[in-house]
Asker: 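Next up is a structure, given as structure tokens.
Worth knowing before you read on, the calculation uses all heavy atoms, side chains too, and leaves out hydrogens, waters and symmetry mates. Residues: numbered from 1 along the sequence shown. We count ligands from 1, going down the list as the structure has it; atoms in each ligand are counted the same way. Since we're looking at a predicted model, the values are computed, not measured.
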Amino acid sequence: MTSSNKFQIDHLGIAVRSLDAALQFYEHQLGFTEAQRETVDQEKVKIAMLPAGESRIELLEATEPDSVIAKFIEKRGEGLHHVALKVPDLAATVDRLRTQGARLLNDPRPGAGGHLYVFVHPLSTGGVLLELIQQ
Ligand code: ZN
């Protein structure tokens with residue numbers, strides 16, 4: 001397999017205080033169209049997905065004060081929260097990363113849209129929270 005075309009940026013996750021306030025900019029001012037709105041209970045977030053070519057912008061709003069998104073905004077303000085890559089074989093990627101000592105934050109589990117995902121700690125990725133999603 002050539003490695004050049006193996007990965008695709010699935011979405012950029014942006015932490016916001018209010019989806020509706022953020023959509024004022026992204027939808028009404030910039031012209032994005034919201035394709036999907038979903039609550040992910042296990043992450044205590046509401047998300048709005050905005051298609052951007054082959055990729056998407058994912059706006060994230062906390063639904064509980066102890067949500068990771070609420071804590072992130074408390075500490076750092078609104079902003080880029082994670083980068084999500086689609087991988088062809090998530091299980092194999094997770095095995096390889098574990099073997100090599102990368103810090104994964106969860107076991108693969110279904111998230112928004114039912115796709116399996118894991119998060120990789122910024123300490124392993126050059127300072128960016130990385131989400132890997134099964135293609
Ligand atoms: Zn995401």
Asker: Is it true that D66 and K71 have a side-chain N and a carboxylate O under 4.0 angstrom from each other?
Answerer: no
Asker: Answer yes or no: does atom CG of L30 have more than 12 heavy-atom neighbours from other residues, nucleotides or ligands under 6.0 Å?
Answerer: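 Yes.
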Asker: Evaluate R109 against E43 for salt bridge (Lys or Arg N to Asp or Glu O under 4.0 Å), listing each step before the verdict.
Answerer: CA-CA 11 Å; R109 62 191 181 200; E43 302 286 356; 2.9 Å; yes
Asker: So, are K6 and D89 salt-bridged, with charged N and O less than 4.0 Å apart?
Answerer: no
Asker: With side-chain hydrogen bond (donor to acceptor under 3.5 Å, both in side chains) as the criterion, how do E58 and H81 come out once you've worked through the C-alpha distance, each side chain's angles and the decisive distance to 0.1 Å?
Answerer: CA-CA 10 Å; E58 177 186 61; H81 178 259; over 6 Å; no
Asker: Could you tell me which residues satisfy salt bridge (charged side-chain N to carboxylate O under 4.0 Å, His left out) with E27, sequence neighbours excluded, listed by chain and number?
Answerer: none
Asker: Could you enumerate the protein N, O or S atoms under 2.8 Å from the Zn ion (ligand 1), written like residue then atom name?
Answerer: H11 NE2, E58 OE1, H82 NE2, E131 OE1
